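Remarks on the structure that follows.
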Amino acid sequence: MEIVKKKLLGMTLAELKDVAKGLGMPAFTGGQISQWLYRNHVTSIEEMTNLSKANRERLAIEYEIGCRPPIDEQRSQDGTVKYLFPTSGGKFVETVYIPDEDRATLCVSSQVGCKMNCVFCQTGKQGFEGQLSYTDILNQIYSLPEREKLTNIVFMGQGEPMDNLDNVLRATDIMTAEDGFAWSPKRITVSSVGVKNKLKRFLEESHCQVAISMHTPFHEQRLELMPAEKAMPIEETVELLKDYDFSHQRRLSFEYIVFDGVNDTPKHVKKIVELLHGLECRINLIRFHQIPNVSLKGVSDERMEKLRNDLTTHGVFTTIRASRGQDIYAACGLLSTAKKQKSEKK
């Protein structure tokens with residue numbers, strides 16, 4: 001019977017000290033392990049060379065780093081790279097590396113599949129297959145070939161972060177801890193469709209940036225596009241957000257995928273302006289990446305610009321997110337769906 005080893009990646013300094021003491025080592029050894037993990041990014045316990053050979057062997061009996069390199073990749077002509085990472089549960093998730101001049105953003109996943117079943121999302125068509133552990137989440141950064149180039153992390157990959165909140169909070173805590181990755185919370189954005197109670201908890205327990213997937217300001221239409229609207233309507237989400245301060249370090253944005261003739265009309269502009277009145281925020285307009293068996297269509301550059309200008313004119317700061325990786329199907333879910341289908345055929 002194979003022994004399932006515990007993962008060191010994602011443990012706090014206090015937990016690593018407990019691990020050391022539990023194995024009969026001095027507590028300061030836990031600090032050394034932390035340095036090897038979060039400063040030196042080792043891939044094996046054997047690389048922890050300031051631990052004695054006996055201590056390394058003792059540690060390796062019960063523990064492993066928990067890092068797993070990507071097993072597949074697709075590279076775009078624009079420099080975007082989509083990686084397929086294995087998870088501890090034997091599944092696969094996608095992570096997208098997006099370089100852009102002096103910035104490099106990593107789009108990470110929080111679940112295998114997703115329960116939200118948004119009409120326009122390929123991941124939702126997979127169904128829900130499991131939560132990512134905090135180790136699986138962190139591994140997408142830890143084992144990324146371009147890790148040293150990263151400037152920003154966005155939780156906008158596969159899954160709904162608020163539906164896996166404990167693991168997402170633990171991962172972001174390690175990312176921002178001085179004895180972890182030591183990133184500023186300003187460099188990390190967590191996206192959500194709005195999940196009752198979970199969003200409130202995230203706002204109170206984390207200092208990371210917040211992005212809400214809006215896509216339409218109208219209840220009935222959003223319900224058609226995003227079934228999660230039933231549990232937490234967009235108006236209820238906005239009212240909750242108005243209780244928090246986004247005028248200083250923390251930033252709030254709304255993600256808005258633009259569909260031709262669906263959510264790009266003057267009445268949508270008017271409703272958005274009314275809905276967001278008094279809230280310090282911005283809207284990011286996103287081009288739609290076509291996915292199989294979905295009739296929704298994207299819009300022209302001119303239409304995107306008109307929508308941006310109309311919203312900006314009415315006082316809502318609006319940007320157009322650059323569309324990247326279209327030649328490699330960078331929309332979430334396409335690569336992992338192909339991998340899943342290939343595995344099922346065997």
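Excluded from the calculations below are hydrogen atoms, water molecules and symmetry mates; all remaining heavy atoms, backbone and side chain alike, are included. These numbers come from a predicted model, not from an experiment. Residue numbers start at 1 and run along the sequence shown.
Across every non-hydrogen atom of P161 and V168, the tightest pair is O-CG2, 3.5 Å. Shown here for K17 and G31, the closest heavy-atom pair between the two residues is CG-N, 4.4 Å. Here the shortest heavy-atom pairing between L37 and L16 reads CD1-CD1, 4.0 Å. In this structure, L275 and K242 approach most closely via the heavy-atom pair O-NZ, 3.7 Å. Residues S133 and S88 share a closest heavy-atom pair of OG-OG, 4.0 Å. Among all heavy-atom pairs drawn from T237 and G194, the shortest one is OG1-CA, 4.3 Å.
Considering CZ of F85 and CD of E73, their distance stands at 10.0 Å, rounded to 0.5 Å. Between the CG atom in L276 and the CZ atom in F317 there is a gap of 14.0 Å [rounded to 0.5 Å]. Annotation: the span from T151 atom OG1 to D102 atom CG amounts to 7.5 Å, rounded to 0.5 Å. Here the straight-line distance linking atom CZ of R308 with atom OG1 of T313 works out to 10.0 Å at 0.5 Å rounding. Here the straight-line distance linking atom CD of E47 with atom NE2 of H41 works out to 12.0 Å at 0.5 Å rounding. Summarising the geometry, atom CD belonging to E94 is positioned 9.5 Å from atom SG belonging to C107; distances are rounded to the nearest 0.5 Å.
You'll find the side chain of L241 reaches within 4.5 Å of the side chain of F254, heavy atoms only. Contact annotation: the side chain of Q140 approaches that of S109 to within less than 4.5 Å [non-hydrogen atoms, C-beta and beyond]. Using a 4.5 Å cut-off on side-chain heavy atoms (C-beta onward), I234 and M226 make no contact. Using a 4.5 Å heavy-atom threshold, the side chains of L203 and R250 count as touching. Two residues are said to be in side-chain contact when any heavy atoms from C-beta on lie closer than 4.5 Å; P145 and Y97 fail this criterion. Side chains of F202 and L169 form a contact here, defined as non-hydrogen atoms less than 4.5 Å apart. Residues I283 and L311 meet the side-chain proximity criterion, which asks for heavy atoms closer than 4.5 Å. Taking the side chain as every heavy atom from C-beta outward, T189 and M156 approach each other to under 4.5 Å.
No donor-acceptor contact under 3.5 angstrom links the side chains of T312 and N309, judged on distance only. Side-chain contact, S110 with E160: no donor N or O sits under 3.5 Å from an acceptor N or O. In this model, a donor atom of one side chain and an acceptor atom of the other lie less than 3.5 Å apart for Q111 and D163. One side chain, N284 or T319, offers a donor N or O that lies under 3.5 Å from an acceptor on the other.
By the 30° and 60° cut-offs, the orientation of the rings of F120 relative to H215 is perpendicular.
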>> Would R287 and D301 count as a salt bridge (charged side-chain N to carboxylate O under 4.0 Å, His left out) here? Give the steps.
In response: CA-CA 9 Å; R287 289 175 175 81; D301 290 348; 3.0 Å; yes
>> Please determine whether salt bridge (charged side-chain N to carboxylate O under 4.0 Å, His left out) holds for the pair K306 and E302, giving the CA-CA distance in whole Å, both sets of side-chain angles, and the decisive distance to 0.1 Å.
In response: CA-CA 6 Å; K306 184 178 188 318; E302 292 75 18; over 6 Å; no
>> Pair I71, Y83 - check side-chain contact (heavy atoms from CB on, under 4.5 Å), show working.
In response: CA-CA 8 Å; I71 60 166; Y83 289 105; over 6 Å; no
> M214 and E255: side-chain contact (heavy atoms from CB on, under 4.5 Å), yes or no, with the steps?
Replying inline: CA-CA 6 Å; M214 179 190 289; E255 308 296 305; over 6 Å; no
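By the criterion of side-chain heavy atoms lying less than 4.5 angstrom apart, applied directly or through intervening Ile, Leu, Val, Met, Phe, Trp or Tyr residues, L223 is not grouped with V238; the two fall into different hydrophobic clusters. Neither L13 nor L138 shares a network with the other; the hydrophobic side chains, linked directly or stepwise wherever heavy atoms of I, L, V, M, F, W or Y lie under 4.5 Å apart, form separate groups for each. Cluster membership check: I257 does not share its hydrophobic cluster with F218, using side-chain heavy-atom separations under 4.5 Å among Ile, Leu, Val, Met, Phe, Trp and Tyr. In this structure, I33 is a member of the same hydrophobic cluster as M11, with clusters built from ILVMFWY side-chain heavy atoms closer than 4.5 Å. The hydrophobic cluster containing I320 also contains L307, counting ILVMFWY residues as joined when their side-chain heavy atoms lie under 4.5 angstrom apart, directly or transitively.
The pair K5-E62 does not meet the salt-bridge criterion, since no charged nitrogen lies less than 4.0 angstrom from a carboxylate oxygen. Between D310 and K270 there is no salt bridge, since none of the side-chain N atoms of the basic residue sits less than 4.0 Å from a carboxylate O of the acidic one.
Enclosure of atom CD in E205 by more than 12 non-hydrogen atoms of other residues, nucleotides or ligands within 6.0 angstrom is indicated. Around the NE2 atom of H219, the shell of radius 6.0 Å holds more than 12 heavy atoms that belong to other residues, nucleotides or ligands.
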